[in-house]
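Note that this is a predicted model, so its numbers are computed, not measured. Throughout, numbering of the chain's residues begins at 1 and tracks the sequence.
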Amino acid sequence: MFEARKRAIGERRAVSVGLAALLGFHAGAAAAADLAERARPRFLDWSGLYAGVQGSAGASFGNYDIGPTTIGTRRVRTISTGDATGSRDLGGDATTVAAGAFAGWNWQDGAIVYGLEADLAGTNLKRGARSDAPGFGYEAVDPPFALVREKTDLFGAARARLGYAFGNNLIYATFGLTGANGRVLATYPDLSGGPTATAARNVSYLGYTLGAGVQFAVDPHLSLGIDYRYSDLGESARFGLGTLPGADGGPVTTRTGFVSNKMMARLIWHPEALALVPDEEDEPPKDARFSLHGQTTFVNQGVTGFRAPYRGPQSLVPDQAQATTTATLFLGLKLFEGTELYYNPEFSQGFGLSRTLGIAGFVNGEAQKAGAPFPKLRSNRYFVRQTFGLGGETEAVPDGPNSIAGTRDVERITVIAGKFALGDFFDGNVYAHDPRVDFMNWGLWASAAWDFPANLPGFTQGVMVEYNRADFAVRAAYTQVPKEPSSDVLDPRVFERAGAVIEFEERHTLPLLDQPGRLRLGLFSNVGNTANFRQVVALTQSGAFADINTAAAATREPRRKSGAYLNLEQALTADLGLFARASVNDGRNESLSFTDIDGSVSGGLSLKGTAWGRPQDTIGLGAAANRISPSHRAYFANGGLGLLIGDGRLDRYAPERAVEVYYALNLTKAVTMSFDYQHVENPAYNRDRGPADFIGTRLHTDF
């Protein structure tokens, strides 16, 4: 088949050369070869057999439906309890590791790819429910009466695929049939005082599955992929689980059913070599009207066991794994000269460890507080950019995400209005600012004490103005804040409650090193609906409120939080760069948006792989130390819950410290695989917990 592909390419080249001569074009060999190369399709042929392995840690979510259950003639209400990792109650969701193998066959017609695939995956999805039937005598049972538990460890599917090929990439949709096994167990006491009885029953499910995925060729015989599927496995018929002894007992019957969402990374083998499209840099348009780009990022991260003598409602839980996925489309349109419109729809799926809780400097920059077990679509950015050129020297504008190719004056004023992330324009750093490709720890990619206004995924609405010159820039923004801490709703009262930030950026070249650098100074002040730490601690200790979190909710009113940050990026050589940040806020009132940090320092190094023959690879090493104010410590010591942390108590405070090292392996021009390790001392400022070690992988693609 590979020889047939090469013959077809040769035939296309011959036809192209012949047409060139017939139409009177320059007949030189170089020109003919160039025309032939341009005639090649800009996508590879995915047809034929493929097979591979797939897996993820913590990116398989099942929602079980257990009950209603009957005992004799009585109907018993059941409530969910626990989850597969034992970490925290996920409502009806269980989360687990999933891994397996698959094989399939593709056919291709031009850029359209279609095929069939079968796969089998092992999981450890499990869920339990206990009785909650007042008057039946069960509430006196200790431990609680575990009525039904279910475990699923095997999934299978047969699916059809329909996709579109471009470059070395393939996007596809899938649909088909899926099945799974289930083992249901019941544990119930003898209400007359006898021994506890148990029963078990195997059940099976058959349903349908829908999904989508992306695939990236990184070698003639290998490709990487990210595959999502939703499976509705229906429900079982009602079945018996034995008889509950005692006067209030009787035959126990129930039914079960569930749906699942799975996101898995894939390594795919192609027996017949793929004819990869060369990674050639096309000459960008000099003055374009449109811009179209996209990205996907899949992060799989786990934490090992660590010392945890007690646990609060927002504690980090040991021995667990989770995964997150984002997929973004960057659309740009030049309306007029100097006026551009941008829109970024984004899918996100998954949770950070412990549902993005338990560490102030969280360990996954892609983990959103708006996580979901299924892909959630949001319009994360929509804004207008107006550029006013002030004459003089000009510079080229590259084609890229939220950038339309063209030229602009170096000295200019830019106004942006709409929805955006403040990190798009402020606190930038070429070595540590994008958790999709460099450091993932929140204390390293951002000035962590800056409580920048944002909804749960990290975006706000407002206006940004920038004045730029060759050697410096000044920018400022005025934006909405959330209605209350960690709210997804932005407050519309922008004249009463809003956020303001101003940043001064200085650009220089170090004389001794002859290398460029930038220094940024930011000042910020937000007014939002927050509680004062000293006040709520005093109210709780005086007995006015039984719970400090109730006191915080009852006393929230418009209050100000102000602070500053300093941000340095400095090239030391062409391949080695240094970064450093320091940030602080007043620490008197609750944070609204980002995280529970009142002061932070961080820094590190970033090195390109030129020395070992991998100039597109990057290795990074960074460290951060975070702290909170004395009144903030007292708040947590009395059981307060913050944006990300809250162990229920804080007996021994210590600064939270983190070290991160990553290696970003550039597989192709568009695909990067990263390996990440982090070590965190005193998570949530708690000397009684940790240290914790985190291991992660990250697959990032641009197109």
Side-chain angles (χ1 to χ4, degrees), residues 38 42 166-167 280-295 328-346 378-430 433-434 436 452-453 458-480 494 498-507 516 518 520 522 569 669-670 702-703:
R38 289 172 182 267
R42 303 302 294 172
F166 60 98
E280 294 180 351
E281 191 71 52
D282 295 329
E283 184 178 352
K286 293 292 189 293
D287 192 5
R289 293 292 306 275
F290 303 96
S291 176
L292 173 61
H293 292 269
Q295 75 83 33
T328 317
L329 197 60
F330 301 96
L331 301 170
L333 170 65
K334 182 179 289 186
L335 301 176
F336 315 102
E337 190 60 37
T339 306
E340 299 160 354
L341 176 65
Y342 293 96
Y343 176 58
N344 296 170
E346 181 171 279
R378 287 177 176 258
S379 296
N380 278 343
R381 294 183 185 88
Y382 42 80
F383 61 87
V384 175
R385 174 187 290 143
Q386 179 64 54
T387 304
F388 301 96
L390 301 179
E393 185 181 355
T394 63
E395 63 182 6
V397 180
D399 176 54
N402 292 338
S403 176
I404 299 175
T407 59
R408 64 188 176 193
D409 292 348
V410 173
E411 185 175 6
R412 62 186 182 273
I413 294 175
T414 304
V415 180
I416 291 175
K419 186 178 183 183
F420 48 80
L422 282 165
D424 297 340
F425 313 114
F426 297 86
D427 194 34
N429 194 298
V430 70
H433 190 55
D434 188 352
R436 290 171 175 169
F452 58 83
F459 299 86
T460 186
Q461 296 182 137
V463 178
M464 193 281 295
V465 180
E466 177 188 68
Y467 172 65
N468 186 83
R469 296 189 63 172
D471 53 352
F472 75 89
V474 181
R475 53 187 69 95
Y478 188 82
T479 63
Q480 290 179 274
V494 294
V501 58
I502 183 169
E503 181 180 275
F504 304 88
E505 178 182 315
E506 177 268 341
R507 301 158 186 159
R518 302 187 183 203
R520 300 174 177 91
E569 65 176 69
K669 175 184 171 183
D702 293 296
F703 52 88

Self-check item: Any donor-acceptor N/O pair, R381 side chain to E346 backbone, under 3.5 Å
Solution: no
Self-check item: Pairs involving residues 378-407, ordered by first then second residue, that meet ring-ring contact (aromatic ring centres under 6.0 Å, His included) (sequence neighbours left out)
Solution: Y342-F383
Exercise. Flag the pair L292 / L331 as yes when at least one side-chain heavy-atom distance between them is below 4.5 Å, and no otherwise.
Key: yes
Quiz item: Under 3.5 Å, is there a donor-acceptor pair linking the side chains of Q295 and T328?
Solution: yes
Quiz item: With sequence neighbours excluded, what pairs up with E569 under the side chain to side chain donor-acceptor pair (under 3.5 Å) test?
Solution: R520
Quiz item: To the nearest 0.5 Å, what is the distance between CD (Q461) and NZ (K419)?
Solution: 6.0 Å
Self-check item: Pairing residues for D471 by the side chain to side chain donor-acceptor pair (under 3.5 Å) criterion, not counting sequence neighbours
Solution: none
Practice problem: For Y343, check side chain to side chain donor-acceptor pair (under 3.5 Å) against everything at least two apart and list the hits. | Solution: S379
Exercise. Identify the two heavy atoms, one from A421 and one from G458, that lie closest to each other, and give their separation to 0.1 Å.
Key: CB-O, 3.6 Å
Quiz item: Heavy atoms, side chains only, cut-off 4.5 Å: are R385 and I404 in contact?
Solution: no
Exercise. Looking only at non-hydrogen atoms, find the nearest pair between L422 and A477 and report the distance.
Key: CD2-CB, 3.8 Å
Practice problem: Look at the side chain of S291 and the backbone N and O of G400, then say whether any donor-acceptor pair between them is shorter than 3.5 Å. | Solution: yes
Quiz item: Distance only, no hydrogens: is a donor on one side chain within 3.5 Å (strictly under) of an acceptor on the other, for H293 and D399?
Solution: yes
Exercise. With sequence neighbours left out, write down each residue that passes side chain to side chain donor-acceptor pair (under 3.5 Å) with R412, or none if nothing qualifies.
Key: E395
Quiz item: For N402 and F330, what are the C-alpha separation, side-chain angles and deciding distance, and is it a side-chain contact (heavy atoms from CB on, under 4.5 Å)?
Solution: CA-CA 6 Å; N402 292 338; F330 301 96; 3.9 Å; yes
Quiz prompt | For F703, ring-ring contact (aromatic ring centres under 6.0 Å, His included) partners two or more places apart | solution = F166
Quiz item: Any donor and acceptor pair, going by atom type alone, linking the side chain of D409 with main-chain N or O of L390 inside 3.5 Å?
Solution: yes
Quiz item: When you measure from the side chain of Q386 to the backbone N and O of G338, does any donor-acceptor pair fall under 3.5 Å?
Solution: yes
Quiz item: Are any non-hydrogen side-chain atoms of V494 and T479 less than 4.5 angstrom apart?
Solution: no
Quiz item: Are T414 and N468 side-chain neighbours, meaning at least one heavy-atom pair lies under 4.5 Å?
Solution: no
Exercise. May I ask you to say whether R408 pairs ionically with E340, meaning some side-chain N is under 4.0 Å from a carboxylate O?
Key: no
